[in-house]
Amino acid sequence: MMSRLTLLILCAVISIGSSIASITVYHKVFAVKIAAAETSGFLEQARSDFLNKKITQKELEQRIEGVFGVIRQQPENKVVLSSDVVLSKNVEIITP
């Protein structure tokens, strides 16, 4: 039969292990993550190309739709903000 000390240690190890596992799963699957979309440079370039008649209006719309398509493909637990409003350096940057 196990001693009380052995049983207490076993309970502590199981408790710590299940806590670590649940925190890891929560962080990987459910936690909301923040990402920044670097769109200002892209939009300036697209605007310049359109105004200089390098691309047509349809090509401009396709470029813009492509950028928003990349943003829409992000997982549901990821919030995408404009990189202009994000001050932190440790945020994932999404570039078109």
Side-chain angles (χ1 to χ4, degrees):
M1 193 165 175
M2 284 197 254
S3 70
R4 285 190 159 177
L5 181 60
T6 306
L7 189 58
L8 182 63
I9 292 172
L10 180 64
C11 287
V13 168
I14 291 172
S15 177
I16 291 170
S18 65
S19 294
I20 290 172
S22 64
I23 290 171
T24 302
V25 167
Y26 174 79
H27 178 70
K28 297 276 185 192
V29 179
F30 300 109
V32 175
K33 295 167 182 65
I34 296 176
E38 180 61 54
T39 57
S40 60
F42 166 79
L43 291 175
E44 288 177 21
Q45 182 64 43
R47 179 179 178 265
S48 173
D49 288 348
F50 179 70
L51 292 176
N52 293 327
K53 309 241 188 249
K54 291 181 181 177
I55 61 173
T56 65
Q57 182 173 353
K58 184 171 181 146
E59 290 172 327
L60 175 65
E61 291 170 358
Q62 288 173 343
R63 284 187 184 182
I64 292 172
E65 185 58 36
V67 169
F68 287 110
V70 170
I71 292 171
R72 279 189 226 111
Q73 289 176 353
Q74 300 304 311
E76 288 184 11
N77 66 335
K78 187 176 284 187
V79 175
V80 180
L81 304 173
S82 170
S83 63
D84 297 333
V85 299
V86 177
L87 300 176
S88 178
K89 298 290 183 195
N90 55 350
V91 173
E92 177 187 357
I93 303 294
I94 300 170
T95 54

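We're numbering straight along the sequence, starting at 1.
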Mind checking the [atom1]-[atom2] spacing from [X] to [Y]? Nearest 0.5 Å is all I need.
X   : Y   : atom1 : atom2 : value
R63 : D49 : CZ    : CG    : 5.0 Å
L51 : R47 : CG    : CZ    : 5.0 Å
I20 : I16 : CD1   : CD1   : 7.0 Å
T56 : K58 : OG1   : NZ    : 8.0 Å

Residues clustered with [X], ILVMFWY side-chain links under 4.5 angstrom:
X   : answer
V79 : V32, I34, L81, V85, V86, V91
F30 : V25, Y26, V29
I9  : L5, V13

- Only one of V67, V80, T39 forms a side chain to side chain contact (heavy atoms under 4.5 Å, CB included) with I94, so which one is it?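 Looking at V67, V80, T39, the match for I94 under the side chain to side chain contact (heavy atoms under 4.5 Å, CB included) is V80.
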
- Sole candidate of K78, R72, E76 that passes side chain to side chain contact (heavy atoms under 4.5 Å, CB included) when paired with Q74: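 With Q74 as partner, K78, R72, E76 yield a single side chain to side chain contact (heavy atoms under 4.5 Å, CB included), made by K78.
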
Looking only at non-hydrogen atoms, find the nearest pair between [X] and [Y] and report the distance.
X   : Y   : result
F50 : L60 : CG-CD2, 3.8 Å
N77 : K28 : ND2-O, 4.4 Å
S83 : E38 : OG-OE1, 3.0 Å

- Message: Counting only heavy atoms not in K33 (residues, nucleotides, ligands), do more than 12 fall under 6.0 Å from its NZ?
- Response: yes

- Query: Does atom CG of L87 have more than 12 heavy-atom neighbours from other groups under 6.0 Å away?
  - Reply: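 No.
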
- Message: Under 4.5 Å between side-chain heavy atoms, counting indirect links through other Ile/Leu/Val/Met/Phe/Trp/Tyr residues: same cluster for I71 and L43 or not?
- Response: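 Looking at the clustering, L43 is in the same group as I71.
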
- Item | S48 side chain to E44 backbone, donor-acceptor under 3.5 Å | no

